[in-house]
Amino acid sequence: VLLREVQALTLRRGQYTTARRTAAVPQLQCTGGSAGCSRIPEVVQCYNKGWDGYDVQWQCKADLENTHRFGQIEVSCEGYDYPDDPYILRGSCSLLFRLELTAEGERKAKNYGSFGSNYFQPRKDSSDSGGGAIVVIVLLALAFGVYKLFLSNQQPQQSSGDGDGFSRPSWQSQQAPPPPGFKSSFT
């Protein structure tokens with residue numbers, strides 16, 4: 001299909017492009033923006049608005065919340081025989097886009113931001129997940145410590161005498177007995 005003659009494209013989240021010379025890619029690819037990539041639309045339609053002598057000029061529309069808008073967009077299609085072939089493989093187009101906050105979205109982000117919410121904050125790249133790994137390691141260490149402290153089978157402690165000739169477990173000489181169902185060896 002001659003790219004200049006394509007009047008409209010319908011691209012869907014979760015679906016991949018048709019591929020012949022290269023690998024298939026997702027039809028919709030968010031590359032960031034002030035709104036982040038947490039709200040990728042289900043369907044985007046892009047319309048051919050004309051030819052600038054080098055490439056088609058596209059306008060893309062989607063059912064977005066009034067707090068979001070498309071920023072920079074780039075429609076990419078696979079050339080049929082070579083990369084810059086004016087004829088493209090049918091179904092091979094994808095949209096790379098940025099999601100930006102509208103004025104209303106920025107206003108809401110400021111209001112929500114004062115309450116500590118990061119609902120509208122852009123997501124961090126996966127390369128920034130080192131802090132998450134540290135948190136997981138700390139939580140695992142704490143869980144292991146709790147296990148060792150409360151749940152592991154420890155040997156019962158030595159009995160202590162109070163000098164009255166009776167031998168009592170150490171917890172009885174200092175405080176009230178544990179609640180029913182509590183194993184004394186776990187103190």
Side-chain angles (χ1 to χ4, degrees), residues 1-140:
V1 177
L2 185 61
L3 178 61
R4 282 193 286 190
E5 293 179 359
V6 174
Q7 295 304 306
L9 297 169
T10 301
L11 307 164
R12 291 178 172 78
R13 182 175 73 190
Q15 291 194 5
Y16 283 76
T17 60
T18 305
R20 184 179 111 118
R21 295 181 309 97
T22 61
V25 296
Q27 290 181 359
L28 296 175
Q29 299 177 62
C30 179
T31 60
S34 62
C37 293
S38 62
R39 302 222 177 232
I40 297 175
E42 286 290 325
V43 177
V44 176
Q45 288 191 316
C46 296
Y47 302 95
N48 181 337
K49 291 298 187 178
W51 177 260
D52 68 0
Y54 176 73
D55 207 356
V56 172
Q57 300 301 301
W58 298 97
Q59 178 185 29
C60 297
K61 296 182 178 184
D63 188 18
L64 294 171
E65 295 177 16
N66 56 358
T67 55
H68 294 73
R69 66 174 177 80
F70 283 121
Q72 181 180 357
I73 61 168
E74 180 183 341
V75 173
S76 296
C77 304
E78 181 180 326
Y80 193 78
D81 285 323
Y82 53 92
D84 291 326
D85 192 342
Y87 287 89
I88 61 163
L89 178 64
R90 180 175 180 252
S92 69
C93 296
S94 67
L95 175 67
L96 278 79
F97 62 92
R98 294 177 57 86
L99 275 179
E100 306 293 346
L101 291 173
T102 62
E104 182 179 344
E106 289 176 3
R107 192 170 47 255
K108 283 185 177 180
K110 285 180 186 173
N111 290 342
Y112 285 118
S114 64
F115 295 105
S117 170
N118 62 355
Y119 178 75
F120 287 105
Q121 297 300 318
R123 293 215 170 166
K124 298 198 183 293
D125 293 333
S126 60
S127 63
D128 293 344
S129 64
I134 292 172
V135 169
V136 169
I137 291 171
V138 169
L139 289 175
L140 286 173

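Just the heavy atoms: all of them, side chains too, but no hydrogens, waters or symmetry mates, feed the values below.
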Inset, instruction - Check the surroundings of atom CG in Asp63: do more than 12 heavy atoms from other residues, nucleotides or ligands lie under 6.0 Å from it? - result: no
At what distance, to the nearest 0.5 angstrom, does [atom1] of [X] lie from [atom2] of [Y]?
{"X": "Tyr16", "Y": "Gln27", "atom1": "OH", "atom2": "CD", "answer": "10.5 Å"}
{"X": "Leu89", "Y": "Glu78", "atom1": "CG", "atom2": "CD", "answer": "5.5 Å"}
{"X": "Ser94", "Y": "Gln15", "atom1": "OG", "atom2": "CD", "answer": "13.0 Å"}
{"X": "Leu3", "Y": "Trp51", "atom1": "CG", "atom2": "CH2", "answer": "6.0 Å"}
{"X": "Leu2", "Y": "Asp85", "atom1": "CG", "atom2": "CG", "answer": "9.0 Å"}
{"X": "Tyr80", "Y": "Ile88", "atom1": "OH", "atom2": "CD1", "answer": "12.0 Å"}

Polar side-chain atom of [X] near backbone of [Y] as donor-acceptor pair, under 3.5 Å:
{"X": "Thr31", "Y": "Phe97", "result": "yes"}
{"X": "Arg21", "Y": "Gly79", "result": "yes"}
{"X": "Asn48", "Y": "Glu5", "result": "no"}
{"X": "Glu100", "Y": "Arg69", "result": "no"}
{"X": "Thr102", "Y": "Asn66", "result": "yes"}

Inset, instruction - Kindly indicate whether the side chain of Leu9, heavy atoms from C-beta on, has any atom under 4.5 Å from the side chain of Val75. - result: yes
Taking all non-hydrogen atoms of both residues, which atom of [X] and which atom of [Y] are closest, and how far apart?
{"X": "Trp58", "Y": "Ile73", "value": "O-CD1, 3.6 Å"}
{"X": "Gly32", "Y": "Cys37", "value": "N-SG, 3.3 Å"}
{"X": "Leu101", "Y": "Ser34", "value": "N-OG, 2.8 Å"}
{"X": "Cys60", "Y": "Phe70", "value": "O-CD1, 3.7 Å"}

Inset, instruction - Please determine if Glu104 and Lys108 form a salt bridge, counting it only when a charged side-chain N lies under 4.0 Å from a carboxylate O. - result: yes
Inset, instruction - Please step through side chain to side chain contact (heavy atoms under 4.5 Å, CB included) for the pair Arg20 and Asp81, ending with a clear verdict. - result: CA-CA 9 Å; Arg20 184 179 111 118; Asp81 285 323; 3.1 Å; yes
